[in-house]
Every structure is written in structure tokens, then in C-alpha cells.
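Worksheet: the structure to be examined is printed underneath.
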Amino acid sequence: MANWTIKNVAFRGVTGTVPNHPVKTSDIPLFTQEEADTFDQTVGIRNRYWSSDDICTSDLCADAAERLITALGWEKQSIDVLLFVSVTPDYKTPPTSAILQDRLGLPNSTFVLDVPMGCCGFMYGINVAGNLLTAGTAKRALVLIGDTAARMGSKNDKSRLPLFGDSGLAIALEYDEAASDIFIDMNTSGDGYSALMTPHGGYRHPVTPESFVEEDFGHGIIRAPKDALINGMDVFAFAISKPVKSMKAILEEKGIDTEKDVDYFLIHQANKLIVDRIVKKLKLNPDKVPYNLQKFGNLGGASIPMIMCSEIAEDLQKRPLNLVASAFGLGLTWATMMFKTTPMTVLPLNLL
Amino acid sequence: MTNLEKLDKIFVEVFSCKEEELGPDFNKDNVGIWDSVHQLSLTSSIEDDFDIMLDVEDIIGCTSYEAVKEILAKYEIEL
């Protein structure tokens, strides 16, 4: 059973950077105004930020990381671990985390790792970094999470293009024997892998001229094999069932009263239909479920830390919080995380 | 309201159609606006109104009026 109770690891800070290019749904050429309005109402994404071709996820993350390191007063020589959690690396090889070690001026002794785990990236990042710190031999970690996901797909794919926004988030973790436990439960259903994938470009189907040939699949879906795809119905069906059942089981097993024991539920901001459905199925108090989908779109693994920055920053800075996070995405994978924070540094977002 | 009337009302609301249109030919291939968003709305309404939690396979399988009736029978909803 893949769950972890991680001791001695505290959250010290979080911040994020988005590209300075907001895009409203009605700005997207694929939509008529009426279609854009319907999309806004049903899917709940009114705005997202898209980077230009010269800005990579690593640029957004590096900006966030530099600001966070300065605000925390951390000496760069004291940072032991750097994770880059993204499916939009600078290159296929080498790992972008290595490039970031150099860009950020971290010591050669830094442990670096790329973690390409999509929308569950926050949980994967905290799980890996947390387990690297828990024994105390490594003391400080930066988890950089983000994507430029809009560019992964076709500009002519109505089912995918408008869903995603770009961002880069930086989270600082530190060894602390007084820290509360972090509990993470993780699951995988690889038989659903084809629901969220990029068919060509790996080694199963290397890039050939055929990879660029667009096909019209109907319902406004036009894409080539090199483009990331989303099988909407399969993903929806998965997202509103498996994560819900897992979270319900864990809350019951831990004896958690969702009204008394939890300050906020941080649910991966995939689309409003999915999040509303999860809230309803779990009978969560809507006041405890912050949304930022309408401002940023689906940010993949950065979705949950972005909620921390954009919606509950003041509370995170002022008082201890009991938080429960739920994410689901490519693989297919899904995860639930329960963690407690003490007052931490939360910087305003930056536009790059 | 009978269960069948409840189900028909859901379809009429989700697809903005008339009750007379519901039948064996009412499916995702024949109904122009039947996309993943409408299918999700359909299954959400079914779960709410019949107080059930559909499995993943059944959410994906709700692709026609007749298929929905068969799926509800699995959850012991008599129509």
C-alpha cells in the first residue's frame, strides 16, 4: 500500500511566477463569443497565462526560487535538494534540475532530480523531498513545480488548448523535529495511460514527418501525433470517482471530521465540473474549498501550491493550518495529502 | 414522480430536448450536442437524483438513453 507518514519536515515558504500574458477564453481564436461564454460557465476557466516561445517552465521556476531564497534569508550553500517537477523540461536530456542548480548558484553538493508526474506533481515532489529530508542528513529542499502545458498540445484542439495555464512555483522545505507529520497516499492506474498522453516524441514512436500530420477528430479536435491529447470523458470519469473514493477512505480511516479538523481542502483545479463534483460527493463545506481555476486554468502539478499563494496566503502567513490536498492526473495517478503548516513565508506572485 | 419520469426529466434538462425524442436512437452518435461536458452533466444529475455513486466504467458507459437505463438497473434502480 503506497502511503507515507513523513516526519520532521516543515513547509517554510511558497511563491510563484506566471508569464506576463493573460489570455481570456474569448481571446482564443477557436471560440465564438457564445462558445467562450459557455466554456467559461461550464468549465470555469475565464483566464489563463500563456508564455511566449522564449520562456520555459524553468525560467518561471527560477524567478520564483530566487525570490523565495532571498525572502527566507537562506544561504544558497545551505540548500541540499533541488527537485524540478514538470512535464515541460528545457530538453529531453539532461535533467532540467541540473541546469537549475547552476542557474541558481546552488552548491555542487546539491542533490537534483526531475519528477515528470503531471497533475499529481505537488504530492510527488513533497513525497520525494520529504523523504530525502526526514532523516536529517539533508536539511533544506527546494521543490520547483510548473509547466508550460498550453504549448504541449495543438493550437487547433478545442478540447485541450483552453484548459491549461502556465506557471512556475517554488516551495521551500526544511528538516524540523518539531514539524507535524505529512501523510501522503498515492495510487496508479496505468491501464488508463492513454487518456492523457503525447503519442509521438518518445522512443515508442519517435518523431517522424508523420508526427506533424494533423487529423480532424470532430467536435473541434484537430491535432497531430506530436501533440498532447486529453480524452475528456475518460479523464472526467476517472477524476470524479477514484480520487473521491480514496480521499473518503482516508478521511474515514484517520477519523477526520471535515468540518472541525480541516481548515482548507486544496483540490487540483482541473475544471469546475470536476471540482464541484468532488466537493459534492465528499459533502465538503464549500467555504473550505478555495478555487483559482477561473484566474489561472489548469496548472498541472503547480495547481495546489498556486492555491496556497493566490487564495490562502494570508492565513498561511498568520496561523497554523490543517490542510488536505487531492490531485489526479496523467498516468493515471491520484493522491491525497494531509499536512499541517505553521506560519510560513508566502510571497506575492510575479509576472515574467 | 416515477423513476422513469425522473430520468426523462434529467435528459430533457441536460440536452434541452423534448421527451418524445427519448428512445433507442437517442445516443452520443445521433445527438449533436452530446459531448463529454454534457455526458458529465448527465451522470452528475443521475448520481444526485438517484442518490448513487457511479463507477468509472459506468460513467463512461452512459452513452445513450438505453445504456443509461441498463446501467441504472445495475444499481437496483427500477424504471
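Labels below follow one simple rule: chain letters A, B, ... track the order of the sequence lines, proteins then strands, and each chain is numbered from 1.
- Atom NZ of A/Lys272 has 12 or fewer heavy atoms from other residues, nucleotides or ligands within 6.0 Å.
- Using a 4.5 Å heavy-atom threshold, the side chains of A/Ile240 and B/Leu54 count as separate.
- Heavy atoms only, all atoms of each residue included: B/Ser36 and A/Gly232 are closest at CB-C, 4.1 Å.
- Contacts between B/Asp58 and chain A at a heavy-atom distance below 4.5 Å are absent for every atom of the residue.
- Within a 6.0 Å radius of CG in B/Asn30, more than 12 heavy atoms belonging to other residues, nucleotides or ligands are found.
- Between A/Lys158 and B/Asp35, no side-chain nitrogen of the basic residue sits less than 4.0 Å from a carboxylate oxygen of the acidic one, so the salt-bridge criterion is not met.
- For A/Arg277 and B/Glu47, the salt-bridge test passes: some basic side-chain N is under 4.0 Å from an acidic carboxylate O.
- The line from CZ of A/Phe236 to CD1 of B/Ile60 is 12.0 Å long, rounded to the nearest 0.5 Å.
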Evaluate A/Lys245 against B/Asp55 for side-chain contact (heavy atoms from CB on, under 4.5 Å), listing each step before the verdict. CA-CA 10 Å; A/Lys245 284 183 181 165; B/Asp55 289 334; 2.9 Å; yes
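- For A/Val235, no part sits under 4.5 Å from any heavy atom of chain B, backbone or side chain.
- With a 6.0 Å radius and a threshold of 12 heavy atoms from other residues, nucleotides or ligands, B/Lys28 has its NZ atom at or below the threshold.
- Within a 6.0 Å sphere centred on CZ of A/Phe217, other residues, nucleotides and ligands contribute more than 12 heavy atoms.
- For the pair B/Thr63/A/Met233, no side-chain contact is recorded, criterion being any heavy-atom separation below 4.5 Å from C-beta on.
- Enclosure of atom NZ in A/Lys155 is not indicated, since only 12 or fewer non-hydrogen atoms of other residues, nucleotides or ligands lie within 6.0 angstrom.
- Using a cutoff of 4.0 Å between basic side-chain nitrogens and carboxylate oxygens, A/Lys281 and B/Asp48 are not scored as salt-bridged.
- Within a 6.0 Å sphere centred on NZ of B/Lys9, heavy atoms belonging to other residues, nucleotides or ligands number 12 at most.
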